[in-house]
J.: 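Here it is: the structure, laid out below.
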Amino acid sequence: MYQWATMDQKDKDRIFFRSETDISQVADSVRQILHEVKSHGDQALRRFSKEFDKADFDHLPLQVTPEEFAHGVSSLDKTVRAALDYAIENITRFHQHQVPRTVDLQEIRPGVWAGERATPIDSVGLYIPRGRGSFPSMLYMLAIPAVLAGVQKIAIITPPGPGGEVDAACLYAAQKIGITTVYRVGGAHGIAALAYGTQTIPKVLKVIGPGSHFVTAAKRLLSDLIDPGLPAGPSESILWSDGTGDPQRVALDLLIEAEHGGDSSALLVCEDSKFAQSVADILPAMIEQTPEPRRSFLNQVF
C-alpha cells in the first residue's frame with residue numbers, strides 16, 4: 001500500500017512504469033526463423049514446433065480436424081462450456097453495436113452527397129497464446145469482432161501441446177463462434193506462416209493477438225507484409241473504488257489481471273485507507289489458494 005501524497009517522484013514513476021518489448025536481443029534469431037518458413041513452409045513449421053514447443057505431431061495434419069473439434073467439445077466440463085457461452089454472448093452483444101452501416105451518406109448541399117463506406121478486410125490471422133495457460137477468452141475477444149465485421153477468411157493459430165493437441169476450451173469457443181480453421185502452430189514460425197503462406201496455411205492480410213518476445217519480433221519484422229495491429233503488451237489494469245464496494249470482489253478483479261504474468265500490473269486506487277487495507281488483507285490467502293504457475297505470477301506482482 002502507498003500513500004500518494006507522501007511518495008517521491010521516483011516511486012510514483014516506478015508504479016506507473018509500463019513494460020516495453022525490446023526485440024533487439026531476438027531479432028537476428030527471428031529473422032532466421034522467418035527465412036526458414038518462407039523457404040521450407042510446412043516442413044519448417046513442424047521442425048520449429050519440435051524445437052521450441054517440444055511438440056511432436058508428425059501423425060497429425062497442421063490443421064485441426066473435425067474429429068478433434070468434436071472430441072474437444074465433448075471433453076470440456078459443462079460448467080466451463082456454460083461460462084464460455086455466457087461470455088461469448090456478452091462480447092457479441094457489445095460488438096454488435098460497433099458494426100458500422102455499410103454506407104453512411106449525408107446531403108452536404110442540395111444534390112451533393114458525401115459519406116463513408118465500410119468494407120471488411122478479406123482475411124485475418126488470430127494468434128492465441130498457450131505458454132501460460134488456456135486462453136479461450138483471448139480467442140473470442142479477437143474472433144467475434146472479425147466475424148461480425150464480415151471477414152470471410154479467419155484463421156486461428158495456437159501453440160500445440162506435446163502430442164499436437166490443441167486446447168479444448170479454445171476449440172469449443174472457436175466452434176461456438178463459427179470458426180473451424182485452426183492450425184496447431186505458434187511462435188514466430190506461426191506468424192511467418194500467416195505472412196508468407198505455406199503449403200497448408202494460406203497467407204492473410206492482418207495478424208493480431210499477444211505472444212512472446214519472438215511473436216512480437218516476428219510481427220514487427222513482417223510489418224511490410226501484414227498489418228500487425230497494435231502491440232500487445234503485458235496485462236494492465238487500474239481499479240478505482242469509493243470504499244463502498246465488496247473487498248473480495250475487488251481483490252478478485254486485481255488477481256484476474258495480475259495472474260497473467262510477473263510483468264503484469266494491477267493497481268487499486270482508493271481514498272479510503274480502511275477499505276484499501278481490507279483488500280490487502282484478503283489478497284495473501286487468495287494468492288495461496290491459486291494453483292501454479294499462477295501463484296508465482298501473483299507473488300511477483302504483489
Side-chain angles (χ1 to χ4, degrees), residues 53-55 57 60 63-96 125-148 154-186 190 208-212 232 234-235 237 246 248-261 264 266 282-283 285-298 301:
D53 299 318
K54 311 303 179 187
F57 53 92
L60 294 171
Q63 184 170 351
V64 175
T65 65
E67 292 76 18
E68 289 178 275
F69 268 97
H71 175 73
V73 171
S74 63
S75 66
L76 204 60
D77 185 89
K78 291 182 179 180
T79 57
V80 176
R81 278 186 279 177
L84 289 173
D85 290 345
Y86 181 81
I88 288 171
E89 182 178 352
N90 286 345
I91 299 297
T92 301
R93 288 182 180 180
F94 174 79
H95 287 295
Q96 280 174 335
L126 312 180
Y127 187 92
I128 310 302
R130 193 180 179 185
R132 292 178 176 176
S134 170
F135 293 103
S137 57
M138 182 57 61
L139 189 150
Y140 58 67
M141 285 190 288
L142 296 177
I144 290 174
V147 170
L148 291 176
I154 304 174
I156 294 172
I157 63 170
T158 186
E165 65 276 6
V166 173
D167 178 57
C170 284
L171 291 180
Y172 178 81
Q175 187 177 71
K176 182 77 176 180
I177 296 167
I179 301 173
T180 56
T181 305
V182 179
Y183 300 99
R184 60 184 105 246
V185 60
I208 55 176
S212 66
S235 290
S237 67
D246 180 351
Q248 186 170 15
R249 286 184 177 272
V250 173
L252 284 171
D253 280 336
L254 290 171
L255 297 183
I256 285 170
E257 296 303 325
E259 70 168 3
H260 287 168
S264 300
I282 291 172
L283 284 173
M286 297 179 74
I287 293 173
E288 187 60 31
Q289 295 171 8
T290 305
E292 291 289 2
R294 306 292 172 194
R295 186 191 311 149
S296 295
F297 296 154
L298 293 172
V301 175

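Residues take their numbers from the sequence shown, with the count starting at 1. Predicted, not measured: the structure shown is a model, and the values here were computed from it.
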J.: Taking the side chain as every heavy atom from C-beta outward, state whether L84 and K176 have any pair of such atoms under 4.5 Å apart.
T.: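 L84 vs K176: side chains apart.
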J.: Drop me the distance from I282's CD1 to R249's CZ, to the nearest 0.5 angstrom.
T.: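 One gets 12.0 Å once the value is rounded to the nearest 0.5 Å.
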J.: How close do T158 and P129 get, counting heavy atoms only, and between which atoms?
T.: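 Closest approach of T158 to P129, heavy atoms only: OG1-O, 4.4 Å.
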J.: Hey, are the side chains of Y127 and P210 touching, using non-hydrogen atoms and a 4.5 Å cut-off?
T.: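 The answer is no, as the side chains (C-beta and beyond) never meet within the 4.5 Å cut-off.
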J.: Please step through side chain to side chain contact (heavy atoms under 4.5 Å, CB included) for the pair L298 and L255, ending with a clear verdict.
T.: CA-CA 7 Å; L298 293 172; L255 297 183; 3.8 Å; yes
J.: First locate atom OH of Y140, then atom CD of E89, and finally report the distance between them rounded to the nearest 0.5 Å.
T.: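 Atom-to-atom, Y140:OH and E89:CD are 12.5 Å apart.
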J.: Could you measure the distance from the OG1 atom of T92 to the CD1 atom of I144? Nearest 0.5 Å is fine.
T.: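 Interatomic distance, T92 OG1 to I144 CD1, rounded to 0.5 Å: 3.5 Å.
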J.: Kindly write out the residues that satisfy side-chain contact (heavy atoms from CB on, under 4.5 Å) with Q63, not counting sequence neighbours, or none if the list is empty.
T.: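 Scan of Q63 (side-chain contact (heavy atoms from CB on, under 4.5 Å), adjacent residues dropped) gives T181, Y183.
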J.: Do you know which two heavy atoms are closest between F69 and T180, and how far apart they sit?
T.: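 Scanning both residues completely, I find the closest heavy atoms to be CE1-O, 3.6 Å.
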J.: Under 3.5 Å, sequence neighbours excluded: what are the donor-acceptor pairs made by side chains of residues 161-174?
T.:
residue, atom, partner, partner atom, Å
E165, OE1, G163, N, 2.9
D167, OD1, S134, OG, 3.2
D167, OD2, S134, OG, 2.7
D167, OD2, C170, N, 3.1
Y172, OH, D85, OD1, 2.6
Y172, OH, D85, OD2, 3.2

J.: Please list all pairs meeting salt bridge (charged side-chain N to carboxylate O under 4.0 Å, His left out) that have one or both residues in residues 67-83, counting only residues at least two apart or in different chains.
T.: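 Matches after skipping sequence neighbours: E68-R184.
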J.: To the nearest 0.5 Å, what is the distance between CE (M138) and CZ (R130)?
T.: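 Rounded to the nearest 0.5 Å, the CE-CZ separation comes to 15.5 Å.
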J.: Looking only at heavy atoms, which two atoms of L142 and G209 are closest? And how far apart?
T.: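 Closest pair (atom of L142, atom of G209, distance): CD1-CA, 3.8 Å.
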J.: Report, as yes or no, whether the 6.0 Å neighbourhood of atom CZ on R295 holds more than 12 heavy atoms from other residues, nucleotides or ligands.
T.: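 Yes, enclosed.
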J.: Could you grab the distance from atom CD of E259 to atom CG of L254, nearest 0.5 Å is fine?
T.: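 With rounding to 0.5 Å, CD (E259) is 12.0 Å from CG (L254).
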J.: Not counting sequence neighbours, which residues clear side-chain contact (heavy atoms from CB on, under 4.5 Å) with A143? List them please.
T.: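 Expected list: L126, L139, I177, I179.
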J.: Please confirm whether the backbone N or O of E292 pairs with a side-chain atom of S296, one donor and one acceptor, at under 3.5 Å?
T.: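 Answer holds: no.
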J.: D253: which residues meet the side-chain contact (heavy atoms from CB on, under 4.5 Å) condition with it, sequence neighbours left out?
T.: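 For D253 the side-chain contact (heavy atoms from CB on, under 4.5 Å) partners, ignoring immediate neighbours, are L239, I256.
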J.: Can you tell me how far OG1 of T65 sits from NE2 of H71, rounded to the nearest 0.5 angstrom?
T.: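 Separation between the atoms: 10.5 Å.
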J.: Who pairs with N90 by side-chain contact (heavy atoms from CB on, under 4.5 Å), at least two apart in sequence or on another chain?
T.: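 Scan of N90 (side-chain contact (heavy atoms from CB on, under 4.5 Å), adjacent residues dropped) gives Y86.
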